[in-house]
Student: 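Would you mind keeping the following structure in view while I ask a few things?
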Amino acid sequence: QIQLEESGGGLVQTGGSLTLSCEASRRTFRPFGMGWFRQAPGKEREFVAAISMSGENIYYADSVKGRFTISRDNAKNTVYLQMHSLRPEDTAVYSCAGRNGAWYSLRPRDYDYWGQGTQVTVSS
C-alpha cells in the first residue's frame, strides 16, 4: 500500500504556469506506472498525462500536449506535472494515481492508488 500526496496547485492567470508534485510514501517507488487526471465541476474525471516506471514512455491527452510535461524522479519518489500556457478550461482538481506494474494506463480504473487531489484554478 502506498499513499500519494499532491502539492503545487493554486490560482494562476491565463497563460501562466504551475508545477504539480506527487510524492509517494512507499520507499520502493519504481514499480509503478503513474498518471495525472483531472476533474472539473460537473464533469467526469479526465486523463491528462501518464509515465511508465522507467520514465521512458510518456503519453499526453491531446488537450494538454505541447503545454504540459510529466516527469518523475524515482530517487525522490515523486512525479511532476509542469503546466504552461494555462487556460481557463484547465481549471480542475488534479489527482495523481499509481498502478502496480511498470506501464501506465489512460483509464482511471486501472490505477490502484490515488492522491486526494489539488485544485488548479486558471482565471481569465
Side-chain angles (χ1 to χ4, degrees):
Q1 185 73 14
I2 66 170
Q3 292 183 330
L4 304 175
E5 183 172 2
E6 304 94 339
S7 61
L11 174 64
V12 64
Q13 292 185 333
T14 296
S17 300
L18 283 174
T19 295
L20 306 183
S21 299
C22 172
E23 185 174 358
S25 62
R26 180 170 163 170
R27 186 169 296 180
T28 307
F29 182 61
R30 281 185 59 86
F32 293 101
M34 299 294 296
W36 284 97
F37 293 81
R38 66 186 182 186
Q39 188 167 20
K43 294 187 176 181
E44 292 188 353
R45 182 174 282 170
E46 175 188 23
F47 169 78
V48 176
I51 187 168
S52 63
M53 175 191 75
S54 66
E56 294 179 353
N57 299 97
I58 290 173
Y59 194 88
Y60 296 100
D62 287 342
S63 59
V64 306
K65 199 173 295 182
R67 301 188 298 122
F68 291 11
T69 301
I70 188 172
S71 62
R72 65 190 295 162
D73 185 340
N74 289 337
K76 296 183 178 180
N77 295 345
T78 301
V79 64
Y80 304 95
L81 185 68
Q82 295 177 288
M83 306 184 294
H84 300 288
S85 302
L86 284 162
R87 307 165 179 168
E89 54 264 38
D90 294 318
T91 296
V93 174
Y94 285 70
S95 300
C96 66
R99 64 187 304 266
N100 293 313
W103 289 95
Y104 57 75
S105 173
L106 278 58
R107 301 181 302 187
R109 66 173 184 263
D110 290 337
Y111 286 83
D112 304 291
Y113 312 104
W114 289 86
Q116 292 296 312
T118 185
Q119 177 70 46
V120 171
T121 303
V122 185
S123 63
S124 57

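Basis for what follows: all heavy atoms, side chains included, without hydrogens, waters or symmetry-related copies.
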Student: Are Asp62 and Lys65 within salt-bridge range, i.e. N to O under 4.0 Å?
Tutor: yes
Student: Could you state whether Ile2 and Phe37 fall into the same hydrophobic cluster, counting links through intermediate Ile, Leu, Val, Met, Phe, Trp or Tyr residues with side-chain heavy atoms under 4.5 angstrom apart?
Tutor: no
Student: Are Trp114 and Met53 connected into the same hydrophobic cluster when the rule is that any two of I, L, V, M, F, W, Y join if their side-chain heavy atoms are below 4.5 Å apart?
Tutor: no
Student: Can you tell me how far NZ of Lys43 sits from CD of Glu89, rounded to the nearest 0.5 angstrom?
Tutor: 8.5 Å
Student: Should the pair Phe47 and Tyr59 be assigned to parallel (<30°), tilted (30 to 60°) or perpendicular (>60°) ring geometry?
Tutor: tilted
Student: Under 4.5 Å between any side-chain heavy atoms of Ser95 and Gln39, yes or no?
Tutor: no
Student: State whether a side-chain donor-acceptor pair under 3.5 Å links Gln119 with Thr121.
Tutor: yes
Student: Using side-chain contact (heavy atoms from CB on, under 4.5 Å), reason through Ser21 and Glu6 one step at a time and then give a plain yes or no.
Tutor: CA-CA 5 Å; Ser21 299; Glu6 304 94 339; over 6 Å; no
Student: From Tyr80 OH over to Ser7 OG, what is the distance, rounded to the nearest 0.5 angstrom?
Tutor: 9.0 Å
Student: For the atom pair OG (Ser25) and CD (Glu5), what is the distance rounded to the nearest 0.5 Å?
Tutor: 9.5 Å
Student: Taking the six-membered ring of Trp36, is the NZ or CZ of Arg72 close enough (under 6.0 Å from the centre) and on axis enough (within 45°)?
Tutor: no
Student: Between Val93 and Val122, is there a shared hydrophobic cluster once you connect ILVMFWY residues whose side-chain heavy atoms come closer than 4.5 Å?
Tutor: no
Student: Applying side-chain contact (heavy atoms from CB on, under 4.5 Å) to Thr69 and Tyr60, what does each step give before you reach the verdict?
Tutor: CA-CA 8 Å; Thr69 301; Tyr60 296 100; 3.7 Å; yes
Student: Which value, rounded to the nearest 0.5 Å, describes the distance between Ile51 atom CD1 and Glu56 atom CD?
Tutor: 10.0 Å
Student: As a test of understanding, state which of Asn77, Leu4, Asn100, Val79 forms a side chain to side chain contact (heavy atoms under 4.5 Å, CB included) with Phe32.
Tutor: Asn100
Student: Under 3.5 Å, is there a donor-acceptor pair between the side chain of Ser17 and the main chain of His84?
Tutor: no
Student: Under the side-chain contact (heavy atoms from CB on, under 4.5 Å) criterion, do Ser63 and Glu46 qualify, and how do the steps go?
Tutor: CA-CA 10 Å; Ser63 59; Glu46 175 188 23; 3.8 Å; yes
Student: When hydrophobic residues are tied together by side-chain contacts of less than 4.5 Å, even through go-betweens, does Leu11 share a cluster with Leu18?
Tutor: no
Student: Quick check: do Asp110 and Tyr104 have side-chain heavy atoms less than 4.5 Å from each other?
Tutor: no
Student: I need the Arg67 CZ to Leu86 CG distance, nearest 0.5 Å.
Tutor: 6.5 Å
Student: Should Arg38 and Tyr94 be marked as a side-chain hydrogen bond (donor to acceptor under 3.5 Å, both in side chains) after you check the CA-CA gap, both sets of side-chain angles, and the distance that decides it?
Tutor: CA-CA 4 Å; Arg38 66 186 182 186; Tyr94 285 70; 2.9 Å; yes
Student: Do you know which of Ile70, Val64, Leu20 makes side chain to side chain contact (heavy atoms under 4.5 Å, CB included) with Val48?
Tutor: Val64
Student: Do Tyr111 and Leu106 sit in one hydrophobic cluster, given that two such residues count as connected whenever their side-chain heavy atoms are within less than 4.5 Å of each other, even indirectly?
Tutor: yes
Student: Minimum heavy-atom separation for Ala40 and Ala92, please, with both atom names.
Tutor: N-CB, 3.8 Å
Student: Working to the nearest 0.5 angstrom, can you tell me the gap between Cys96 SG and Leu81 CG?
Tutor: 10.0 Å
Student: Using a 6.0 Å cut-off, check whether atom CD of Gln116 has over 12 heavy atoms from anything other than its own residue.
Tutor: no
Student: Under the 3.5 angstrom rule, does the side chain of Thr14 hit a backbone N or O of Ser123 as a donor-acceptor pair?
Tutor: yes
